[in-house]
Amino acid sequence: MKLYAYCLVTASALEQLQITGLSDQKVYSLASGNLAAVVSQLEGDAAPITKENVLIHQRVVTTVLEQTTPLPFRFGTVISEEQLTSYLESRKEALAKNLELVHGCVEMSIKIIWQNSATSQPTLKSRQEGEAAEGVGASFLRSKSEQIRGSQQLLAQAEGISAWLKSFVLPHVRDARFEMNPSQRLVLAAACLVERSRLDLYRSALERACQERPDLHFLTSGPWPPYTFANIDLEFKTYFGVS
């Protein structure tokens, strides 16, 4: 029988869990030194991808988050006990370092949507009129030049928004990841690792930012387990080939 893995924790920080996981199996911790994996038994080689199972996974990790800060696995991590024990032992120093980074923190999400006229493309009619006036070749070159200038302008504006937002939130976070998409309506997505004791300061700073830029639409959420900062999924699958 395989194990379904939910997250990793510092063993000494975790109390006994009174919760069931996938397939109504008891959730328990599998310790190796000062590390422990929160798991449940699973029949078969894969966890069915259903809304119910995804919510169960999230519920287990959130329950652990109430006790300590875990390194969560993405949904669907299935492994044997031997592989998991080997992983905890071989990567104990790196995992301990990751746990130290997220200790006492939660993940907060920020997404910014903008309406920027520079993202609009020339209409078919305007392109046809340009071709008629200039010729197809000249119109094409002019269009490409305008696209390049437009892309550069979008990038500069997106970088400005990113720098502006960072000035508000970075003083109140332990770590942050920013991703820009200048050509998309969702221009910026940020994940912030925030100490629980500084959540009020973070929220106040973000509220001031929202008030300062009413032209931008903010989507905020959290607190969440620190999925973005776990840094364990890729190496886990690479070294052990698990699903």
Side-chain angles (χ1 to χ4, degrees), residues 2-19 21-22 26-42 47 54 56-110 169-179 190-199 201-202 221-243:
K2 293 292 186 70
L3 297 178
Y4 182 88
Y6 301 93
C7 58
L8 300 177
V9 297
T10 302
S12 58
L14 188 66
E15 300 176 3
Q16 187 173 1
L17 294 167
Q18 301 292 335
I19 188 172
L22 270 63
K26 177 179 174 59
V27 174
Y28 61 97
S29 61
L30 178 65
S32 175
N34 196 38
L35 299 174
V38 176
V39 301
S40 61
Q41 294 189 343
L42 182 75
V54 171
I56 290 173
H57 175 99
Q58 182 63 26
R59 185 188 69 203
V60 172
V61 178
T62 301
T63 299
V64 175
L65 184 65
E66 294 172 358
Q67 296 185 19
T68 184
T69 306
L71 296 176
F73 285 109
R74 299 292 179 181
F75 174 82
T77 301
V78 179
I79 191 172
S80 70
E81 181 173 337
E82 181 181 0
Q83 286 176 312
L84 182 54
T85 302
S86 174
Y87 173 68
L88 294 177
E89 177 60 28
S90 64
R91 300 294 297 162
K92 59 184 178 182
E93 293 183 2
L95 293 172
K97 185 176 181 179
N98 285 350
L99 282 165
E100 183 179 358
L101 170 66
V102 303
H103 177 70
C105 295
V106 292
E107 181 171 326
M108 305 295 286
S109 172
I110 308 170
V169 301
L170 288 188
H172 309 293
V173 307
R174 184 177 296 178
D175 197 1
R177 310 285 171 82
F178 284 72
E179 180 180 349
C192 299
L193 188 64
V194 186
E195 295 176 25
R196 297 174 197 251
S197 61
R198 298 181 64 85
L199 273 174
L201 291 173
Y202 165 86
S221 64
W224 304 109
Y227 281 96
T228 303
F229 305 90
N231 299 323
I232 57 177
D233 288 303
L234 180 60
E235 70 171 32
F236 192 74
K237 295 177 181 180
T238 299
Y239 283 107
F240 296 93
V242 299
S243 60

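Quick caveat, the model's predicted, so the values are computed rather than measured.
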Beyond-backbone contact of V169 with F178, side-chain heavy atoms, under 4.5 angstrom: yes

Side-chain donor or acceptor of R174 paired with backbone N/O of H103 under 3.5 Å: yes

Worked check of side-chain contact (heavy atoms from CB on, under 4.5 Å) between L8 and V38: CA-CA 6 Å; L8 300 177; V38 176; over 6 Å; no

Gap between atom OH of Y202 and atom CD1 of I110 - 0.5 Å precision: 3.5 Å

Shortest non-hydrogen contact from V173 toward C192: CG1-CB, 3.9 Å

Donor-acceptor contact present, side-chain N98 to main-chain A230, <3.5 Å: yes

For K92, all residues meeting side-chain hydrogen bond (donor to acceptor under 3.5 Å, both in side chains), sequence neighbours excluded: E89

Backbone N/O of P72 and side chain of Y227: donor-acceptor pair under 3.5 Å: no

Candidate list L193, L101, D175, test side-chain contact (heavy atoms from CB on, under 4.5 Å), partner P226, passing option: L193

Side-chain heavy atoms of L71 within contact of C7, under 4.5 Å: no

Shortest non-hydrogen contact from P70 toward V61: CG-CG1, 4.1 Å

Straight-line distance of S40 OG to K26 NZ, nearest 0.5 Å: 11.0 Å

Main-chain N/O of S86 paired with S90 side-chain donor or acceptor, under 3.5 Å: yes

Aromatic ring pairing H57/F75, orientation class (parallel under 30°, perpendicular over 60°, tilted between): perpendicular

Side-chain heavy-atom pair Y28, Q16 within 4.5 angstrom cut-off: no

Flag, side chain of Q67 to backbone of E15, donor-acceptor distance under 3.5 Å: yes

Nearest atoms (heavy-atom pairs only) where G104 meets T69: N-OG1, 3.1 Å

Test side-chain hydrogen bond (donor to acceptor under 3.5 Å, both in side chains) applied to R177 - qualifying residues, sequence neighbours left out: none

I79 and K2, any side-chain heavy atoms less than 4.5 Å apart: no

Donor-acceptor under 3.5 Å (T68 side chain, L65 main chain): no

Nearest atoms (heavy-atom pairs only) where G76 meets Y4: N-OH, 2.9 Å

Shortest non-hydrogen contact from A47 toward L22: CB-CD2, 3.7 Å

Any L30 side-chain heavy atom under 4.5 Å of T85 side chain: yes

T228 backbone acceptor or donor facing E107 side chain under 3.5 Å: yes

Min side-chain heavy-atom separation L35-R91 under 4.5 Å: no

Test item: R198 side-chain N/O and P171 main-chain N/O as donor-acceptor pair under 3.5 Å: yes

Flag side-chain contact, heavy atom, 4.5 Å: V194 against C105: no

Sidechain-backbone polar pair: T62 side chain, Q58 backbone, donor-acceptor under 3.5 Å: yes

Intermediate values then yes/no, side-chain contact (heavy atoms from CB on, under 4.5 Å), L42 and V78: CA-CA 8 Å; L42 182 75; V78 179; 3.7 Å; yes

Side chains of S32 and Y87, donor plus acceptor under 3.5 Å: no

Side-chain touch S12/N34, heavy atoms, less than 4.5 angstrom: yes

Evaluation steps, side-chain contact (heavy atoms from CB on, under 4.5 Å), between Y6 and V64: CA-CA 10 Å; Y6 301 93; V64 175; over 6 Å; no

For the student: nearest non-hydrogen atoms of S29 and L14, plus distance: CB-CD2, 3.9 Å

